[in-house]
Amino acid sequence: MTIVRSLVLFALAAVAEIGGAWLVWQGVREDRGLVWAGAGVIALGIYGFVATLQPSAEFGRVLAAYGGVFVAGSLVWGVVFDGFRPDRWDLIGAGICLLGVLVIMYAPRG
């Protein structure tokens, strides 16, 4: 159950961070205004709190693993919200990153 909780938290963190960064991007780069950028800043703050809910107490481990989630999640976000089409190298790279998440977070440690 702890692994499931951790994976759900990684997914929520990804939505908050990637969504927040996307909102800032839209507000600034796409000239949608300060409301979009401000909503992005709030979402980025929420990400910071969600990350603290991970079962692991090791900050470096959680953030390192989250990096892999961020890589894969960013590609998915681009597909869903920007019409991005990842190529096979994007997908292979994301798969490698997700494998790294599994090793970093869930490898047996004695």
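Note that these values count all heavy atoms, side chains included, but never hydrogens, waters or copies made by symmetry. Since this is a predicted model, take the numbers as computed values, not measurements.
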Q | Non-hydrogen atoms of V28 and A37 that approach each other most closely | A | CG2-CB, 4.5 Å
Q. According to a 4.5 Å side-chain heavy-atom criterion applied to Ile, Leu, Val, Met, Phe, Trp and Tyr, with indirect links allowed, do M105 and F59 form part of one hydrophobic cluster?
A. yes
**Q.** Non-hydrogen side-chain atoms of Y106 and L7 separated by less than 4.5 Å
**A.** yes
Q | Residue F84 excluded, over 12 heavy atoms near CZ under 6.0 Å | A | yes
Q) Minimum heavy-atom separation for A51 to V62, with atom names? A) O-CG1, 4.2 Å
Q.
With rounding to the nearest 0.5 angstrom, report the CG to CH2 distance, D82 to W25.
A. 9.0 Å
Q. For R5, which of V8, I3, L9 qualifies under side-chain contact (heavy atoms from CB on, under 4.5 Å)?
A. L9
**Q.** Single-linkage hydrophobic cluster, 4.5 Å side-chain cutoff, L23 and F70 together
**A.** yes
Q: Using the side-chain contact (heavy atoms from CB on, under 4.5 Å) rule, take F81 and I18 through it: C-alpha gap first, then chi angles, then the decisive distance, then the call.
A: CA-CA 11 Å; F81 292 99; I18 299 164; over 6 Å; no
(Q) Does anything in residues 52-68 form a side-chain hydrogen bond (donor to acceptor under 3.5 Å, both in side chains)? List the pairs, not counting sequence neighbours. (A) S6-Q54, E17-Y66
**Q.** Gap separating the CG atom of L75 from the SG atom of C97, nearest 0.5 angstrom
**A.** 8.5 Å
Q. For A21 and L44, which heavy atoms make the closest approach, and how far apart are they?
A. N-CD2, 3.9 Å
Q | Hphob cluster co-occupancy, L98 + V4, side-chain heavy atoms under 4.5 angstrom | A | no
Q: Decide side-chain contact (heavy atoms from CB on, under 4.5 Å) for E30 and W36; before the verdict, give the C-alpha distance in whole Å, the side-chain angles of both, and the deciding distance to 0.1 Å.
A: CA-CA 10 Å; E30 303 297 328; W36 283 68; over 6 Å; no
Q. So which pairs with a foot in residues 83-96 pass side-chain hydrogen bond (donor to acceptor under 3.5 Å, both in side chains), sequence neighbours left out?
A. none
**Q.** Hydrophobic cluster identity match, L12 and I42, side-chain contacts under 4.5 Å
**A.** yes
Q.
Do L102 and L63 sit in one hydrophobic cluster, given that two such residues count as connected whenever their side-chain heavy atoms are within less than 4.5 Å of each other, even indirectly?
A. yes
**Q.** For the student: nearest non-hydrogen atoms of V101 and A65, plus distance
**A.** CG2-O, 3.0 Å
Q. With W77, which residues qualify under side-chain hydrogen bond (donor to acceptor under 3.5 Å, both in side chains), at least two apart?
A. none
